[in-house]
Amino acid sequence: MKYAEIALDVPPSIGASFTYTIPDVASRFVRLGHLVFVPFRTRVVIGIVVALSPCSAVANPRAILRLALKAPLLSPIQLQLAFWMSRYYRISLFRTLIQFLPPGYVFRKGKYVRSFGITDPTLTKHQSALLDSIPKTKWIPVVKLTGSNPEGASLLSDLSQLKAMGLVDTVDQIVDITVTPKFDDHLSLTQLGKEAFKKGLIDKFRTPRRFQLVQELALVGFPMPKSELKVRYRSDILKVLEAKGYLLTQKLRQNRVPAIQNDTCSMQVLPTKASSATWEKTEMVFSKHGNKFLPMLIKGGSPGENREIYLALIANCIATGKKALILLPDTLSVDQVFCDCATRFIGQVAVFHSGLSQGQQYDQWEEIQKNKYTVVVGSRSALFLPIKNLGLIVCDAEHDWLYEYDDVLPSYNAKKTAAKLAELNKALYVMSSVTPTVETYYETQGRIYPPPSMENESKLFGSNRAEIIDMRLEGADRISTIISARLRNALRECLQNGGQAALLLNRRGTAAMVYCRACGYIFRCVTCDYVLIRQSGFQLYCNNCRSRETYQDRCLSCSSQNIVDLGTGTEKLKQEVMSLFPEITVMKWDKDSAPGIKTQRTIAQEFQRQKIDVVVGTQMILKGLDVSSVSLIGVISADIGLQSTDFRSTEKTFQLLGNIPRQLKDIGTNISLIIQTYQPSHYAILGGLRKDYESFYNREISDRQKFQLPPFTKIVKVSRVATDSYLAREEIMALSRRLRENLGRSRDISSIVGPVPSHPHRFKGRYKWDLLLVGQNPNGFLHKYNLSSNWIVDVDPVSVF
DNA sequence: AGCACGCCGACT
DNA sequence: GTCGGCGTGCTC
């Protein structure tokens, strides 16, 4: 193995790596997954070893300089997953790989220097002073070095002289570890203490409590954190025993273990053994599984029942000596499932999501790498944890769009990536949902449990408890423009009986748009052209770039003051509820008012403690809320998504409605559900309410086939962004022409849509155009074209318009 | 991404 | 004749 393939932080190299030779002396040390320093042009940068090979692809490769970190940080399976992701999603290999590194490892660019710890008698005074200021153990930025040489020679020339003499070393990129391990006081028994305990010299310890402490430490056999012991033993006990020489305090590594969030735990008592029906389902999954490792779908029942299935699957998996990974779409769900798993498999469960502190994330990463856990519960980022020997991956609430979407680039589909990871591990991959995406349902045909024919869907919420309010019939005597008379009455009744209510709406802010009645002008964001919503009072807000603008009370186009709000957002809804019922507590729950997991937990707890009467918000409510105390759920405008042109919008509406009963079924309390809509007979709304998945699916899948949409085809979105609107348009037109020339000749794509201006067309002052490639293998088709870094390629885009 | 290279215009 | 502006293209 004389050569190494190394991924570098060079943007255009999609899935590509560079070849370097491994010096003979280093060949024993360099392994797959190592971070190494390599010469690159005139610089020294960090690379990641992705392959070792006996031959070179290029003529005269340069040599690896040395290791950047002692331990290799990526396993062969992780490298394979990264190769796949990099190729499939067209992300640079390096950018893909860094997601697998421990939390808190940051790459920094710039000149850094480190000394070799030796000196030379011929140095000038200034040179040796400079050398003394450079540490041996740590890379420090050259810009941080102070002082200049008054005799003329500058700091930089002194430095290059030191480098030439082999006294210091410089690099142009480092990996900086921003997270530090936590050390805490730990108590352990001294030799004296152990002997005294062994001899049973109880009276030596004088009091029973002191003896108990010594006994506990002797039984545990390793040092225990002082903070933990202080909870159970008075501090004078610790002090006395230490003073007598029985105990010893040492600063030892303390793991920042995330606490189980008991308040969000969905079930108080967990059965120790899964119900027989659950085992039956699990057995079915395992027996059908065979050795093909194809994704499977559990079209589940209640959340409680699903959890039982997961727990059974996990138990089955860890019995074979393998590890399990449970994926959830959001942090709140992670908390809940972590609680369930951690109480069942005590001490064996790790948790991982972005809501944890960096220190907690780091400690969990490290403990997982050291094989301390057998189960990992986490959000999409948990896919990149160093879990060895995976036997099972579960993806809960498969329909959740958060698996496909993230603000942070690079964007990838977590479900698809999880399937690949399962395949690489030869692990079982199980997805679960009551309202699976039509794509998943189609792709798992034959591997759905229970099989569709066996399905005995309860139509609990079909007709008896859900009411559909046709908003077209809402009369002229409206008190509220948003809340129908029926919902208003139901709310009043609910509140009078001391009940709690949740109102759902899919849009944040107070209005969908602010509109001038005189000239038809619509307020838009200055940088994005996105329609602005009214956040509160005179504040306008851009949901796209999150900038705020002040609303001037006058039309910007015709200066008329006849300005109205069209549509509704959560803020407006909250105000309406407050004006209708001034004496109650209303809480808003959406991405604006509860951005982090902490605020979400707080709202959930407050609601549970009945400190909030009505909660108003987006679908986030359904995920986090313990709805056992809710007696009324209102969906303000169920059809809000149906107006969208995106082909997945119907499905989204169905999923929203279809998941309301899911949350409530277990509880069985007297909950009424009121759905307001302008399209009361739409199949997505009726199907969602009736929980009639099969009918919805059949209709939707035939439409997808008719229009040749996924899952029958794949879509790749190619976008061009430029500050010059003309340039962006011209370039995408030119590309479109080039691609269309080969349209008929390739089997990879069947149609090209566009170019169309993106939605939104303008973002942070830059113009964007889209082109959609539709077909069996649009990615492969695109591979033949060399697109520069000005182009953005989105494989399997979440929304197409 | 960086950085060298290269081709133009403005200056000691 | 040299310095420096930025547009192009390559880096194992």
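Numbered from 1 within each chain, the chains take letters A, B, ... in sequence-line order.
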Find the distance [X]:[atom1] to [N]:[atom2] and express it as a whole number of Å.
X	N	atom1	atom2	result
A/Asp172	B/dG2	CG	P	10 Å
A/Ile6	C/dT11	CD1	P	16 Å
A/Ile48	C/dC12	CD1	P	18 Å
A/Asp9	C/dT11	CG	C1'	13 Å
A/Lys111	B/dG2	NZ	P	13 Å
A/Arg62	C/dC10	CZ	P	17 Å
A/Ile46	C/dC12	CD1	P	17 Å
A/Tyr3	C/dC12	OH	P	15 Å

> So, are A/Glu423 and A/Lys420 salt-bridged, with charged N and O less than 4.0 Å apart?
Replying inline: yes

>> Any base atoms under 4.0 Å from A/Phe40, or only sugar-phosphate, or nothing? Heavy atoms, all strands.
In response: base

What's the closest nucleotide to the side chain of [X] if the choices are [options]?
X	options	result
A/Arg43	C/dC12, C/dT11, B/dC3	B/dC3
A/Thr42	C/dC12, B/dA1, B/dA4	B/dA4
A/Arg41	B/dA1, C/dC12, C/dC10	C/dC10

>> Show me the pairs that pass salt bridge (charged side-chain N to carboxylate O under 4.0 Å, His left out) and involve residues 120-133 of chain A, at least two apart or across chains.
In response: none

>> Applying salt bridge (charged side-chain N to carboxylate O under 4.0 Å, His left out) as the test, list every pair that has at least one member in residues 106-116 of chain A; sequence neighbours left out.
In response: A/Asp9-A/Lys109, A/Arg108-A/Asp176, A/Lys111-A/Asp172

> Does OP1 or OP2 of B/dG2 have a side-chain N or O of A/Lys109 closer than 4.0 Å?
Replying inline: yes

> Do A/Trp365 and A/Phe384 have their ring centres less than 6.0 Å from each other?
Replying inline: no

